[in-house]
Amino acid sequence: MTTLNSNFFAELSHALNDRKDSHVSRLILGWHASFILADDGRSGVGFVPDSRLEPHTSRPIHTASLLTSTLKDLAGLYVSPFPQEFAAASAACSVLLPFDDDGGQYLDAVMTCARGDRVAVLGYERDLVPFMRDWGWRSAFFDDRFAGRQDCFPQEEFSRAVRDAEWVWLSPEAIRDRWLLSTQNILREKKGCFLQGPGIPAIPNSFARLGVTHLVVPLGDDGVKIEAHISAGGSAWLCEALRWRVYFSSERLCCQTEDFSLTL
């Protein structure tokens with residue numbers, strides 16, 4: 001596990017090295033997402049861990065450090081399990097390592113790949129559940145906060161469910177708590193694994209080596225509207241200024257079936 005962790009974060013650090021740095025003009029940590037605006041005009045959206053799962057607390061030394069950091073300084077905190085730091089780091093990574101606007105596939109078109117299959121989902125995100133049901137997935141959610149709701153079970157059962165499912169869906173929480181970084185052999189046995197943003201850096205090969213096949217991220221160029229939405233506590237799934245796209249991890253493309261390729 002240590003080797004996997006070290007390799008992934010070393011690859012991330014290497015990818016960040018040659019990126020243009022900038023001081024941060026604004027940093028917003030909302031209820032459901034984070035937002036960064038750099039001095040040079042670039043902006044990005046990150047992931048905020050759920051406060052109901054882990055109470056959010058701020059420490060003066062952390063806050064002071066975040067407010068005086070550059071993009072690269074913040075991106076280096078992607079290794080941090082502390083919610084405040086990870087939220088800032090994930091937004092910085094989305095600025096420094098953005099996905100190509102012209103790449104990827106539309107979300108609804110791609111999601112037919114798992115129709116009728118069993119999908120193990122780590123975390124119950126209320127804004128996402130309706131989409132999964134519309135896609136025709138047989139989704140089982142694993143989240144201690146909502147265990148007992150329809151198709152939602154205790155989180156401790158997730159590892160067993162992953163072995164039985166054809167597909168896996170993960171949020172960036174799986175990076176923060178290191179679950180993703182220790183399970184590549186299990187994930188490679190699946191038809192595929194979705195890693196959902198926001199706050200996912202565009203290093204698809206590194207994620208492919210961990211067993212991830214699909215990266216699901218929001219894109220948007222209207223920073224004013226995105227910032228206003230996140231500042232008001234809005235979810236990235238419900239922001240009209242963001243469009244969700246799916247990108248593929250190249251090392252697993254050969255595993256896709258011919259039928260799935262035709263749907264693209």
Side-chain angles (χ1 to χ4, degrees), residues 1-21 33-34 36 42 44-49 70-82 85-105 107 110 113 120-123 162 167-219 236 244-256:
M1 179 173 176
T2 301
T3 301
L4 289 171
N5 288 352
S6 300
N7 288 347
F8 173 79
F9 290 119
E11 290 171 7
L12 173 60
S13 178
H14 179 74
L16 291 168
N17 279 341
D18 61 353
R19 298 292 170 157
K20 180 184 176 182
D21 203 1
S34 54
I36 276 183
R42 288 177 293 169
V45 180
F47 173 80
V48 172
T70 66
L71 289 173
K72 286 189 177 182
D73 291 335
L74 293 178
L77 297 174
Y78 208 62
V79 300
S80 174
F82 190 72
E85 294 183 343
F86 189 83
S90 61
C93 282
S94 71
V95 176
L96 292 169
L97 293 169
F99 284 82
D100 182 3
D101 283 349
D102 297 325
Q105 300 289 333
L107 191 63
V110 174
C113 66
V121 183
L122 184 59
V162 166
W167 296 81
V168 179
W169 181 286
L170 304 170
S171 79
E173 192 68 57
I175 300 174
R176 191 174 74 96
D177 66 12
R178 306 301 194 264
W179 189 91
L180 173 60
L181 306 180
S182 63
T183 56
Q184 62 174 337
N185 291 334
I186 296 175
L187 295 180
R188 286 186 179 277
E189 297 172 356
K190 307 292 107 182
K191 288 184 178 180
C193 172
F194 295 90
L195 178 60
Q196 163 219 320
I200 301 297
I203 47 174
N205 287 340
S206 297
F207 286 115
R209 282 187 278 277
L210 297 173
V212 174
T213 56
H214 302 69
L215 299 167
V216 184
V217 297
L219 302 177
W244 286 83
R245 303 282 286 182
V246 182
Y247 296 79
F248 302 98
S249 300
S250 59
E251 292 189 0
R252 291 289 300 276
L253 278 176
C254 60
C255 299
Q256 305 304 325

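These numbers were taken from a predicted model, which means no experiment stands behind them.
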I'd like to know if the side chain of [X] and the backbone of [Y] have a donor-acceptor N/O pair within less than 3.5 Å.
{"X": "Ser94", "Y": "Val45", "result": "yes"}
{"X": "Arg176", "Y": "Ala174", "result": "no"}
{"X": "Arg245", "Y": "Gly103", "result": "yes"}

Residue list, side-chain contact (heavy atoms from CB on, under 4.5 Å) with Ile186, at least two apart or on another chain: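 With sequence neighbours excluded, Ile186 shows a side-chain contact (heavy atoms from CB on, under 4.5 Å) to Val162, Arg163, given in chain and number order.
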
[Y] side chain reached by [X] side chain, heavy atoms, under 4.5 Å:
{"X": "Leu74", "Y": "Ile36", "answer": "yes"}
{"X": "Ile175", "Y": "Leu170", "answer": "no"}
{"X": "Arg19", "Y": "Leu97", "answer": "yes"}
{"X": "Phe8", "Y": "Arg209", "answer": "no"}
{"X": "Leu215", "Y": "Ser249", "answer": "yes"}

Listed partners of Asp21 passing salt bridge (Lys or Arg N to Asp or Glu O under 4.0 Å), at least two apart: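 Partners of Asp21 under the salt bridge (Lys or Arg N to Asp or Glu O under 4.0 Å) test: none.
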
Just distance, no hydrogens or angles: give the donor-acceptor pairs under 3.5 Å from side chains in residues 192-201, sequence neighbours left out.
from	atom 1	to	atom 2	distance (Å)
Gln196	OE1	Trp169	NE1	2.9
Gln196	NE2	Glu125	OE1	3.1

List in chain and number order the residues that pass ring pair (Phe, Tyr, Trp, His ring centres under 6.0 Å) with Tyr78, two or more places apart in sequence or in another chain; answer none if no residue qualifies. Phe86

Suppose we screen for side chain to side chain donor-acceptor pair (under 3.5 Å). Which residues come up paired with Arg42, at least two apart in sequence or across chains?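 If we apply the side chain to side chain donor-acceptor pair (under 3.5 Å) test to Arg42, skipping adjacent residues, the hits are Asp40.
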
Between Phe248 and His214, is the ring centroid distance below 6.0 Å? yes

